[in-house]
Each structure stands twice: as structure tokens, then as C-alpha cells.
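Step one of this worksheet: look at the structure below.
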There are 2 protein chains.
Amino acid sequence: MEISARKKRILAAVVENYIRSAEPVGSKTIAETAGLGCSSATIRNELSELTALGYLEQPHTSAGRVPSPQGYRFYVNELMERQKLSLEEAEAINARLNEKMEQLDRLMADAGKLAGQLTGYPALALSAPRAATVKRFDLLYVDANTFIIVALLSNSTVQNKLVHLPFSVDQGMIQKLSALFNAGFTGLTDEEITPVLISATERAARDTMGLTSIIAAFTIEALSRSREGEAYVTGESSLLQQPEFRDPDKAHRVISYLSDSGHLMSLPSAGSDSGVRVIIGPENLAEELRDSSVVMASYDAGEGQRGLIGVVGPLRMDYAAVAAKLQYIAEGLSRLLGSGEAPAGFGKMILKGDVTSDE
Amino acid sequence: MEISARKKRILAAVVENYIRSAEPVGSKTIAETAGLGCSSATIRNELSELTALGYLEQPHTSAGRVPSPQGYRFYVNELMERQKLSLEEAEAINARLNEKMEQLDRLMADAGKLAGQLTGYPALALSAPRAATVKRFDLLYVDANTFIIVALLSNSTVQNKLVHLPFSVDQGMIQKLSALFNAGFTGLTDEEITPVLISATERAARDTMGLTSIIAAFTIEALSRSREGEAYVTGESSLLQQPEFRDPDKAHRVISYLSDSGHLMSLPSAGSDSGVRVIIGPENLAEELRDSSVVMASYDAGEGQRGLIGVVGPLRMDYAAVAAKLQYIAEGLSRLLGSGEAPAGFGKMILKGDVTSDE
DNA sequence: TGTTGGCACTCTCTCTTTACGAGTGCTAAA
DNA sequence: TTTAGCACTCGTAAAGAGAGAGTGCCAACA
């Protein structure tokens, strides 16, 4: 069934009013604010039909209307105007992004924080999980009982570990091990580093002191950590300021769900086609998020990696503003970090609309 | 004024009952449960005096008594029995600690998580801030445009950074820089690395194409990060389950205060290391924590470092149980990480690592 | 056919009143 | 010094009344 232009305007008015006021919207309000040149009675008829179509809901017989999840979805897909950031906002974001450039290893989490502060919702930052391999090992001899393992991974991160030993090793042993690992363990994912391989290497090295397994264990851990991706959540408590989360139990359910990073990693799996993704209430796979909406934007983190920033809030979220802000931040991050290469291995993720990626 | 033994027993009964029930404790309840062989009227007289002395409070004329902060303090200092963990609890903690040994760099945060899960309160984990210096630099040549900076710090962490250059360097240059930094920058705190020193080094190296300042900037950042210490907070939302934090605004104030790690670093300054510390409500310096209590235990993190784990909860916290658990965890951590007294006879290796990843 | 004003109806929210109960403080007796 | 008894206080839960907002429907109108 096709929806008339006026119905669309009325639906948009309901959504936008409700987003602002958090209270059911009545026909009178719409007649006054939407500027449709018709009376509240007419609006009532339209509202009634929109309700029958499933776009609106009535909390009780004699209250105003509230958008249903389907109503929000329609709004997001077809009615929502692409919001432009104000100059101040854009500049504030740029300033924050530039100032963070110094601390690249924390950038991911900081990007989440920025998103949270700008939108006032709890924010999440995810790095796409991705199988990595070691490109190169270095073992640094420190003293007779100490050495450092340094591993350069295929995703261009460097992991290291300081190892203290209860016995002595000499430089020769360290060099031998280094050569051995560079020869035998580079290019392998964590799953390919099997106990069989380790013990074979151990025999080849004539290593009786267990050094091989120490290094192998470190390698496996470093790789699997990178494969699992990382997740940061910040500003969880700002959820408490939303009227729909004044119930501490409800808030607790959502927040504690968010706090378990394991859960979060499954969020983006639901599909990732365009720049900004909106998941509305019951569309969430996770039971705990059925009363919440999630808005996410992905960015190019360089080295063929993609990152994700997003916020979580009530259904009554200001989708237009949040989407605009997230997209702007994501674009900024892509510009700063991005390699310009096509994203590999993380599905096709093309930023929607006018991407100004001059790289 | 000296407090009679019976008053002490009554006070303890009030505190313990209130901790359990979260509701004001009446004279009748005490007469029935405390086993003092006297009637509720007698208890009433005593309660009245305890109230006059400031150990108890009355929410309103005709409710039971609630411990005042001073009452909690007296309870913690003199009445609280040192609780012993059950065998299951102790074993659960030990198991968790051992399983974490593999991932030492995350151990600090994990220890906090453990404390939180065991006690049901939000938990924090702090590393004591401490000025560090670089003990040793290594620059690893990767390819003509890429090298890795590895710095071993005096606090036995290792920091690294992968550097991509828009121009080529050769191995000789890398080696020269490495020698230069090992000669000129080891043993300095971040504050001692002045722009004057950097530019002097740059001149001395002749034609380093800005590499000197890149490495110097990395060094400063690594050192200042270590000097600021680190703070992790987990399980904030469990505060919402406490009856005294059902008010979302109150909970939000506390949680958002906790979420700012800058605030947390000032927490331990008020006191020193020995054993378990309890800070009760108004004793907190921070306004935001005046309605909360903090229990902290410090542990020996090895290398002369101390770490801190703690929990935050309502005044009505089960101090005895929480203190016992924290102490047990802290002792376990000290045993695992502690440098000085660790019995090396078991051939147990002490692995300590720090992982940073830069792009 | 679509739009409008009018009107009765419904339902929630808030305020007030009432009743209840838990616990105290006091007094007098043991 | 302890105890039993009793009046009193105060918060809370339940019940009732009134107001207000918004709907749904109907008849009239362009």
C-alpha cells in the first residue's frame, strides 16, 4: 500500500516530536506545528490509519501516538533528512580528531568516546576481527635472564613481551630461536600453530629449556587477540539520563550486556552494507537490546582493516543527528587512518552518499 | 566515653542486619536475633544512647535505626570480624588467578573484573603512577620505509611503535639513531627530555630527517603514560542493583565519576599500602562519592610497583566479606607477580609484558 | 469524497484522604 | 537495671475524586 505524501509528513512529525519530547504526540500538536493547513480532526483520521498500518502505536486509548519500530524504520529509510552538521560541530570533531593523532594506539577507544560525548549516548568502538599472521619476529637480548619478544603482525600492529627466565641464555640461543621462528612461524594464523609444529620446532632447536613453547604461546596469544578484535564501550551511564531507561533494572540489563565485549563482537555480523547502519529495537538479534536502537558507522582503519563506531540509545533516538555525527567522525577517521585501498575481507562497505575521501 | 560490650554487640547487630536487609533495624529484630537475653525495651534504651553518640541514625522518628558513617567506621575498625573465605571461594579465586597468568598484560584489568564479580560491586583496578625512564632502546629495521621502536622501561614494561616513513632510511641510519638514543636518552624521565636536548641530539646526529624527534616524541609519550598510571573500572552497572542507587540520577553521578580515570588516580593518594583500606561515605574526598564506600587492597606487582584493586558500593556494604575477598585476591596477585619474596625454587617463570600496538 | 467542528467517552495522572503498621519514647512496676 | 505496657509519630500503601488530554465518531460542509 502506498502512503500519501501527507501521511508521510504526519508520520515524520510524530517521530520528530516524540524524539524531542519523549511524550506521545497528539493530533492537536501536529496540526499546530507541522504546518499542513488542515485541522486536528483530519490529522486524527490520518493518525488512525497510520496506526492501523502499524507505523504508530497508542500507549493507551486516550493518549497521543508513539512511533512503532516499523514507524522508526520507515522514518529512517525514507523520511529522515540527511542532516548537515553545523560548522561548530564539524570543527569540534576535527579538532578532537587531530589532537588524538598523537596516540594512535588509543585512537579507537577515543573515537568511541568522542562519539559518545557528541551524541550523549553510550558509545561503542569495535575493531573488525581478522585473522592475522606474524610477518616477522625479533628477539632482543637484554641480559642473561631476560629477553624481549617483538612480533610484527600482518595487520601492522606490533606486539611484544618481556620474558624473565629463571636460568641463563646466551645471545647465540636467542639468535637461533629468532631465525627458527622467522623461518617456521611467519605467515601462520594462530590455528595453524599446532602443538605438533611446536614440538617439532622444539626438537629442531635442541631446546631443553622450554623457550620455544614460551615464544609459541606468546605468538598464539597475540594472534588470537587480534583475531578476536577489540571492543570498547564508554559512557554507559548516560543511558540513565534517558527517560526510557529510568528503570534501573532495564538500564542494568542493557548496560551489563554492553559491558561484555564478547556480545558486542557479534553486533556487526548482522550485515554491513552502507556507511551508517541503524538497527531499531526488535531488529536487534540480542534479546537485551530489543528496547534499544544501535547506530553504527564503519571507517577505514588502514592496512585493510575496518573499524566501527556506534552508539546505543532508546528507540526514541535522534537518528538523523546521530547518523550525521557518526558518519562525519567515521569519514574523518578514514581520512586520517585510511590507506585508500579497497577494504579487504570485511564485506563491501561503501560509505553512503557524498564521501569526500581525498586520499 | 567508653562503649559497653553490650552496646558494641548491639551496634554490630544493627550494622549486620542493615547490611543484609537494607532496611532500618528495629529493637525487636535485635532482641530476637542477637541473642543478648534481654528484651526489646532494653535494646531501645541502648539504641537511643548509641544514636545520641552518633553511631546510629534514624531516618524518621518512628523507623528503626541505620548506622551512621561513624557507626560503620567503628564497626570496620573494632567490631568487624575478620572473615575467612570458604574453601570454594578461595579455590575459585585461585583458579581464576592461575588461568589469567597467561595474559599478564591484561592481568591488572582482569583482577579488577574478578573482584567485581566476586563481590557484586563495581570494581576498579589501578596501577600506581610512577615516573619511569627508558632502560634501553632498540630500533628494528623492517624495510626502507619502516622501522619499529622498542623501548624497555624501568618499570619493566615494553612499549613499541611501528613507524612508516615517506622516505627511505638505511640500516646504518637506524643503528646510528639507536646508539644515539641509548647513549643520550636512557635514564631520563619524560620531563627531562626537553626540546633543547632533542634539538641538540638532532644536530649531533646530523641529517636524521626528523627521525630524532619522532623517536623522542614516542619516548615522551610512553614515559608520561606510564607516569600517569592506568585505571580500569568494570561492572559499573551492578551499582544499579543496590537499593540505594535505584535513583538513576544518583547512580549516574557516581558511575560517570568512576568512568573518568583521571578522578580515580587521586583515590589512593589519601593513604598508603598496607592491607585493606576502607573509605566510608563522607570520608571520601570526592564529593561524588560521599554516599559511597570504597574498599581497596594493594598488591605487589613486581619490579617495585604496586597495584590496587578495589570496589565501590553503598555505605551499606558488606565490609567484612568484601575486605576478605579483596585481601585474598591481593595476596594471590602479590604471590604471582611479586618480585622480592617470590620462591624461585619452583622453577616458576615470571613473565611480564606490556603490549602496545601502533599503526 | 475529503475535511471540519463538536461532543461524549476513556484513560491516565495527580492530589487528597484514610487506614495501617512498625517502631519509638515514656512511665511505672519488678 | 530491666521489663511490660501504652500512647504517639510518621511514612507508606490503598482508595477515591477531579482534571486534563486525546481519541473516536457523527453530522455538516465544500
Side-chain angles (χ1 to χ4, degrees), chain A residues 1-11 13-15 17-18 20-68 71 243-244 246-247, chain B residues 1-11 13-15 17-18 20-68 71 243-244 246-247:
Chain A
M1 160 159 189
E2 197 49 50
I3 294 185
S4 73
R6 190 171 66 186
K7 278 205 180 57
K8 287 183 183 173
R9 287 192 64 182
I10 292 175
L11 177 54
V14 173
V15 172
N17 267 287
Y18 185 63
R20 217 167 346 94
S21 69
E23 272 166 26
V25 184
S27 54
K28 202 172 136 213
T29 315
I30 297 177
E32 282 164 6
T33 64
L36 288 153
C38 60
S39 78
S40 67
T42 311
I43 309 274
R44 274 205 290 284
N45 288 331
E46 299 281 51
L47 286 178
S48 175
E49 288 177 45
L50 282 167
T51 308
L53 289 170
Y55 293 109
L56 297 176
E57 285 170 356
Q58 257 176 314
H60 50 266
T61 322
S62 174
R65 300 305 210 287
V66 164
S68 69
E244 29 273 278
R246 304 238 65 170
D247 172 12
Chain B
M1 162 165 184
E2 198 47 51
I3 293 186
S4 73
R6 189 170 67 186
K7 278 205 181 56
K8 289 182 182 174
R9 288 191 61 183
I10 291 175
L11 178 53
V14 172
V15 172
N17 266 287
Y18 185 61
R20 216 165 349 94
S21 69
E23 272 166 25
V25 184
S27 54
K28 201 172 137 213
T29 315
I30 297 178
E32 282 164 4
T33 62
L36 289 154
C38 60
S39 79
S40 67
T42 310
I43 309 274
R44 273 205 291 283
N45 290 331
E46 299 280 52
L47 286 178
S48 176
E49 290 176 44
L50 283 168
T51 307
L53 290 169
Y55 293 109
L56 296 176
E57 285 171 355
Q58 257 178 314
H60 49 267
T61 322
S62 175
R65 301 306 209 285
V66 165
S68 69
E244 29 274 278
R246 307 237 33 138
D247 172 13

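Convention: sequence-line order gives letters A, B, ...; per-chain numbering from 1.
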Original post:
Roughly, in whole Å, what's the span from CD in B:Glu23 to P in D:dG11?
Top reply: 16 Å

**OP:** Mind checking side chain to side chain donor-acceptor pair (under 3.5 Å) for A:Thr51 and listing every partner two or more places apart, or none if nothing turns up?
**Re:** A:Arg65

Original post:
D:dT3 P sits how many Å from B:Leu36 CG, rounded?
Top reply: 10 Å

Original post:
Among pairs that include at least one residue of residues 27-40 of chain B, which meet salt bridge (charged side-chain N to carboxylate O under 4.0 Å, His left out), considering only residues two or more places apart or in two chains?
Top reply: none

Subject >> Phosphate contact (C:dT3 OP1 or OP2) by A:Thr42 side-chain N/O below 4.0 Å >> reply: no

Original post:
In whole Å, what is the span from the CD atom of A:Glu32 to the P atom of D:dA21?
Top reply: 12 Å

Original post:
Rounded to whole angstrom units, what separation is found between the CG atom of A:Asn45 and the P atom of D:dG22?
Top reply: 17 Å

Subject >> Whole-Å distance separating the CD1 atom of B:Ile43 from the P atom of D:dT2 >> reply: 10 Å

Show the atom names and distances, to 0.1 Å, of all donor-acceptor pairs under 3.5 Å that link a side chain in residues 37-47 of chain B to residues at least two apart or in another chain.
| unit_1 | atom_1 | unit_2 | atom_2 | d |
| --- | --- | --- | --- | --- |
| B:Ser39 | OG | B:Ala41 | N | 3.2 |
| B:Arg44 | NH1 | B:Ser27 | OG | 3.4 |
| B:Glu46 | OE1 | B:Lys7 | NZ | 3.1 |
| B:Glu46 | OE2 | B:Arg6 | NE | 2.7 |
| B:Glu46 | OE2 | B:Arg6 | NH2 | 3.0 |

Subject >> Heavy-atom protein contacts under 4.0 Å, nucleotides 10-25 of chain C, coded B base, S sugar-phosphate only, - none >> reply: BSS---------BBBB

Original post:
Got a sec, which residues hit salt bridge (charged side-chain N to carboxylate O under 4.0 Å, His left out) with A:Arg9, two or more places apart in sequence or on another chain?
Top reply: none

**OP:** In whole angstrom, give the distance that lies between atom CG of A:Leu56 and atom C1' of D:dG24.
**Re:** 16 Å

Subject >> Nearest heavy-atom neighbours spanning A:Gly64 and A:Gln58 >> reply: O-CG, 4.0 Å

Original post:
Sequence neighbours excluded, which residues qualify as side chain to side chain contact (heavy atoms under 4.5 Å, CB included) partners of B:Glu244?
Top reply: B:Tyr18, B:Gln242, B:Lys250, B:Pro314, B:Arg316

Subject >> Whole-Å gap separating P (D:dT23) and CD1 (A:Ile10) >> reply: 12 Å

